[in-house]
There are 2 protein chains.
Amino acid sequence: MNTFQTQQFARLLKALSGDIRLNIISYLATGEKCVCHIYEYFKISQNLVSHHLGILRESGLIKDRKDGKRVYYSLNEQNIEKVTHFLQGIVQKKKEERGTW
Amino acid sequence: MNTFQTQQFARLLKALSGDIRLNIISYLATGEKCVCHIYEYFKISQNLVSHHLGILRESGLIKDRKDGKRVYYSLNEQNIEKVTHFLQGIVQKKKEERGTW
DNA sequence: ATATTATATCAAAATAATTTGATATGTTTT
DNA sequence: AAAACATATCAAATTATTTTGATATAATAT
């Protein structure tokens, strides 16, 4: 059973799956942003944004860089692509299975 | 702001993001299965599996087909691919952004 | 018709995630 | 050194999800 690997991906998917977090990810696709940019853009509180950024950071989906008193966040495409490849693998397997009879 | 579309994908990602549900999805990649196959395979209770299948079904990630007293589930690849394309689009945008200076 | 099997649904309990408000930490400005 | 600013963290409250146990529905077998 492939449960362990699947568990890893379930964790990444969970991090992606919040409304706020997925919007942050989309926003970061347009380039690196500091925390204050993000909470002003979405009009939500600073601590709430920091909390969600923390979840994304710990899951490895984004990277942080400190500059003065600001912290800049950006996407970690590599890990996002790991998710897409995992899902694409499932779709692929299914398509192959269909051919086996 | 692309919030509405993002919300749709957040919903799909949430459906994918449970440990049990992602394992079911992986299992269904090997072919159509009835409910009893699934709960025997994972050694969890019937009602729990039915509950998670319900979430996957309502999100459109799997399809059901009734045959006699059994219900068979299979992947709906189209919707899984929508997720991968969405994520791949984010990665793509980020990669393009990097080239703009 | 009754019993059995397969699945779904419901309500309650247990657990987890999100949000809010307050405070701490570190950096810059004065 | 004090004030101001940017961010993170913590605890409590709120809300959502998961799990369990019980029951309902529908198909088949006896």
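What you are looking at is a predicted structure, and each value in this text was computed from that prediction instead of being measured.
Between B:Val91 and B:Gln88, some side-chain heavy-atom pair lies under the 4.5 Å cut-off.
Of the two residues near DNA chain D, A:Lys14 and A:Val71, the one whose nearest nucleotide lies more 5' is A:Val71.
C:dA8 atom P lies 11 Å from atom OH of B:Tyr39, rounded to whole Å. One can place CZ of B:Arg70 at 9 Å from C1' of C:dT5, the figure rounded to the nearest angstrom.
Taking A:Asp19 as the reference, A:Asn23, B:Gln7, B:Ala10 meet the side-chain contact (heavy atoms from CB on, under 4.5 Å) condition, with sequence neighbours excluded. Applying the salt bridge (charged side-chain N to carboxylate O under 4.0 Å, His left out) rule to B:Glu81 yields the partners A:Lys95; only residues at least two apart in sequence or on another chain are considered. Here B:Tyr39 pairs with nothing under the ring pair (Phe, Tyr, Trp, His ring centres under 6.0 Å) rule; sequence neighbours left out. For the salt bridge (charged side-chain N to carboxylate O under 4.0 Å, His left out) test, no residue two or more places apart in sequence or in another chain qualifies with A:Arg11. Scored by the side-chain hydrogen bond (donor to acceptor under 3.5 Å, both in side chains) test, B:Asp64 finds no partners at all (sequence neighbours excluded). Among residues two or more places apart in sequence or in another chain, the salt bridge (charged side-chain N to carboxylate O under 4.0 Å, His left out) test is passed with A:Glu40 by none. Partners of A:Lys14 by side-chain hydrogen bond (donor to acceptor under 3.5 Å, both in side chains), not counting sequence neighbours: none found.
A:Tyr73 comes within contact range of the sugar-phosphate backbone alone, with a heavy-atom separation under 4.0 Å but no base atom that close. At the heavy-atom level, A:Ile44 lies nowhere under 4.0 Å from the strands shown.
If you check residues 47-60 of chain B against DNA chain C, the residues with a heavy atom closer than 4.0 Å are B:Asn47, B:Ser50, listed by number.
Taking every nucleotide of DNA chain D with any atom under 4.0 Å from a non-hydrogen atom of chain B, the first and last of them, 5' to 3', are D:dT17 to D:dT28.
Sorted by first and then second residue, the ring-ring contact (aromatic ring centres under 6.0 Å, His included) pairs with a member in residues 10-35 of chain B read B:Tyr27-B:Tyr41, B:Tyr27-B:Phe42; sequence neighbours excluded. Applying the side-chain hydrogen bond (donor to acceptor under 3.5 Å, both in side chains) definition to pairs two or more places apart or across chains, those involving residues 65-74 of chain A are A:Glu32-A:Arg65, A:Arg57-A:Tyr73.
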For nucleotides 24-28 of chain C, give me every protein contact, N/O to N/O, under 3.5 Å, one pair per line with atom names.
none

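In this structure, A:Arg21 contributes its side chain and A:Ala15 its backbone to a donor-acceptor pair below 3.5 Å.
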